[in-house]
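Within every chain, numbering begins at 1; the chains are lettered A, B, ... in the order of the sequence lines, protein sequences first and strands thereafter.
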Amino acid sequence: MLDQRLIRENPKLIADGLKNRGIEIDLEQLQLKSERLKDIEQQRNKLQAQGNSIGKEVGQKIREGVKPNSNEIDLLRSKGNKIKQKVAELEEVEKEISEEIKNTILTLPNIPNKECPIGKDEKNNIVIRSWGEPIKSKDYKDHWSIAEDLGLLDTQRSVRISKSRFVTLFNEGARLERALINFMLDLHTNKGYTEVLPPALVNTASLTASGQLPKFSDESFRCIEDDLWLTPTAEVPLTSLHREEIIPLKNLPIRYVAYSPCFRREAGSYGRDTRGLIRLHQFNKVELYWFVHPENSRKAHEQITKDAEDVLKALELPYRVVELCTGDLGFSASRTYDLEVWLPGAETFREISSSSLCNDFQARRSSIRTKDGKTNVLVHTLNASGLAVGRTMAALLENGQSSDGTVALPKALVPYFGASKLKPQSK
RNA sequence: GGAGAGAUGGCCGAGUGGUCGAAGGCGCAGCACUGGAAAUGCUGUAUAGGGGCAACUCUAUCGAGGGUUCGAAUCCCUCUCUCUCCGCCA
């Protein structure tokens, strides 16, 4: 959520920021509304002050022995009633306007950071650095062919159970998924992250706090009867973990790592990535999440990104870091690095982690502050996947494959998986 | 799902119509005392918004919303949540 004060005092700054995202919006209306609201609030404040002093006067007089039904008191009473009526009228207008303003502001995305490269879409993203040697060979197979050959998953039966874009893992597939989750959690907790296992169902307030609502209700599965939603990412419960809190300065930075299943409706992605483990309605993810003092958020963004990269390095998976341009940023982000893993079977780099700095955008929606001296300041929040587990498995299968049908696993995974290779099951 | 109890500041807890943003305690911070600490004493310690260079000041907030009243933490209505017992259950 954007700062309403900033909208009043410097709407150009916001309009320019949003323009770089490709959003043309006339903030004048909003600015006028906000100013009008402030005006009404001031009027109401004055009236309420008058009303309060009348109330005190009545109390005072009665204590001094003036009869409650005397003319003097009656006069004050009617004065008080008039004020009360005016206040009620103002409140009605005030409520209406403030609701309008809030509804609008909640649909506005974050403004990009100054460093964020300006551009229209993903073509303007910038490759920052690369790691590892991407294998380029026409003989490499897609991960779903490998997975099927090895008996790791069954997509057809998954449709029987639920529908398309769900997957059921078997044998070494299931085991590998579990190994990856444990491996990632250990890697991060060893660096001092606090492990969290949050609820998979979250309420509307939580989704609003992190930015998924009100704008992207199409993207999440909903349980109508209970007004709960399936988490699209652990970012949602992790943000709300500290909603409406003032975090003591000495507790910052807070660094969480959470495994969670993630559920996404993938509305509007018909026909894209229909096979394999890339785009599913349900997938597993290990998420990194930081709460930091605003002064430290830039550095924190570099660090959280490196922490995510460390997973790819440990798994010996070639990747590149791409900085998203303004037009490609997610709703809550002010700056984002995507980690893209190399998939030799698909002959492409694929997003496996997204590392975002949200500044105070989510903190304002969630009212998460820290006490800095005498004043309370909104914290900054950051999130990064560390990593998307299904896509990691896809990358391991494609990168580790060999012509004899086996898949070599990275050394780091052996203690977790219990073997250094995936072999075709003898039937 | 059925029955009952409750929701007050960081925490505990008092307050049943007026000067209550709220006693008291704990905690926390500062100062004094000490070689240092403990103990003790003193002072301070909610959030949001508005005005003022500032000292400061105004408004709102005692789970949420509505009502009665000149005036509500306190009375009335609705909702939500929490706890206890019973039932069911991994």
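- A 4.5 Å side-chain heavy-atom check between A/Thr155 and A/Glu148 finds at least one atom pair inside the cut-off.
- Between A/Leu90 atom CG and B/U59 atom P there is a gap of 16 Å when expressed in whole angstrom units.
- Nucleotide B/G49 holds its C1' atom 12 Å from the CG atom of A/Asp3, rounded to whole Å.
- When both distances must be under 3.5 Å, the Watson-Crick or G-U wobble mate of B/G24 is B/C12.
- Legend: residues meeting side-chain hydrogen bond (donor to acceptor under 3.5 Å, both in side chains) with A/Asp142, ordered by chain and number and at least two apart, are absent.
- Rounded to an integer number of Å, the gap from CG of A/Asn251 to P of B/G10 is 15 Å.
- A distance of about 31 Å separates the C1' atoms of B/G10 and B/G4, rounded to the whole Å.
- Across all strands shown, B/A90 forms no Watson-Crick or G-U wobble pair with both distances under 3.5 Å.
- Residues in residues 382-395 of chain A take part in these side-chain hydrogen bond (donor to acceptor under 3.5 Å, both in side chains) pairs, two or more places apart or across chains: A/Glu235-A/Asn383.
- B/G27 and B/U19 have their C1' atoms separated by 30 Å, with the value rounded to a whole Å.
- Comparing B/U45 with B/A38, their P atoms sit 23 Å apart, to the nearest whole Å.
- A/Phe216 pairs by the ring pair (Phe, Tyr, Trp, His ring centres under 6.0 Å) definition with A/Phe331, not counting sequence neighbours.
- In this structure B/A7 sits in a base pair with B/U80, meeting the Watson-Crick or G-U test at under 3.5 Å.
- Pairing partner, B/C53: none, since no Watson-Crick or wobble contact has both distances short of 3.5 Å.
- In the region residues 29-43 of chain A, proximity to RNA chain B at under 4.0 angstrom, judged on heavy atoms, holds for A/Lys38, A/Glu41, A/Gln42.
- To the nearest whole angstrom, the two C1' atoms, one in B/U8 and one in B/G24, are 14 Å apart.
- Under the rule for a side-chain hydrogen bond (donor to acceptor under 3.5 Å, both in side chains), the partners of A/Ser158 that lie at least two apart in sequence or sit in another chain are A/Thr168.
- Remark: B/A29 base-pairs with B/U43. Criterion, Watson-Crick or G-U wobble with two distances under 3.5 Å.
- Rounding to whole angstrom units, CD of residue A/Glu244 and P of B/G9 are separated by 14 Å.
- The partner of B/C75 is B/G67, by the rule that a Watson-Crick or G-U pair needs both atom distances under 3.5 Å.
- Take A/Phe417 and apply the ring pair (Phe, Tyr, Trp, His ring centres under 6.0 Å) test, not counting sequence neighbours, and it matches no residue.
- A distance of about 15 Å separates the P atoms of B/G63 and B/G13, rounded to the whole Å.
- With both ends at atom C1', the span from B/U74 to B/G67 equals 15 Å, rounded to whole Å.
- With C1' as the reference atom, B/U47 and B/G21 are 11 Å apart, rounded to whole Å.
- Side-chain atoms of A/Asp307 and A/Gln303 form a donor-acceptor pair, as typed in the model, at a separation below 3.5 Å.
- If you measure from atom CD1 of A/Ile246 to atom C1' of B/A46, you get 8 Å, rounded to the nearest angstrom.
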Do any side-chain atoms of residues 245-252 of chain A form donor-acceptor pairs under 3.5 angstrom with protein atoms, and if so which ones, sequence neighbours left out?
from: A/Glu245; atom 1: OE1; to: A/His242; atom 2: ND1; distance (Å): 2.8

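- Every side-chain hydrogen bond (donor to acceptor under 3.5 Å, both in side chains) that A/Asp227 has, sequence neighbours left out, goes to A/Thr204, A/Arg222.
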The contact string for nucleotides 60-73 of chain B, one letter per nucleotide 5' to 3', using protein heavy atoms under 4.0 Å with B, S and - for base, sugar-phosphate only and none, comes out as S-----S--BBS--

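- The base-pairing partner of B/U34, taking Watson-Crick or G-U wobble contacts with both distances under 3.5 Å, does not exist among the strands shown.
- Residue-level contact check: A/Arg8 touches the backbone only, with heavy atoms under 4.0 Å from sugar-phosphate atoms and none from bases.
- Taking the six-membered ring where tryptophan is involved, the planes of A/Tyr337 and A/His301 are essentially parallel, since the angle between them stays under 30° and well short of 60°.
- The list of side-chain hydrogen bond (donor to acceptor under 3.5 Å, both in side chains) pairs with a residue in residues 13-32 of chain A, not counting sequence neighbours, reads A/Lys12-A/Asp16.
- Pairing of B/C62, defined by two Watson-Crick or G-U wobble distances under 3.5 Å, is not identified with any nucleotide.
- Remark: A/Thr189 engages A/Asp186, A/Glu195, A/Val257 in a side-chain contact (heavy atoms from CB on, under 4.5 Å) (not counting sequence neighbours).
- A donor-acceptor pair shorter than 3.5 Å cannot be found between the side chains of A/Asn124 and A/Asp328.
- Of the residues in residues 367-377 of chain A, A/Arg369, A/Lys371, A/Asn376 come within less than 4.0 Å of RNA chain B through at least one heavy atom, sorted by number.
- One can place NZ of A/Lys86 at 17 Å from P of B/U59, the figure rounded to the nearest angstrom.
- Spacing of C1' atoms, B/G6 relative to B/U57, comes out at 38 Å, to the nearest Å.
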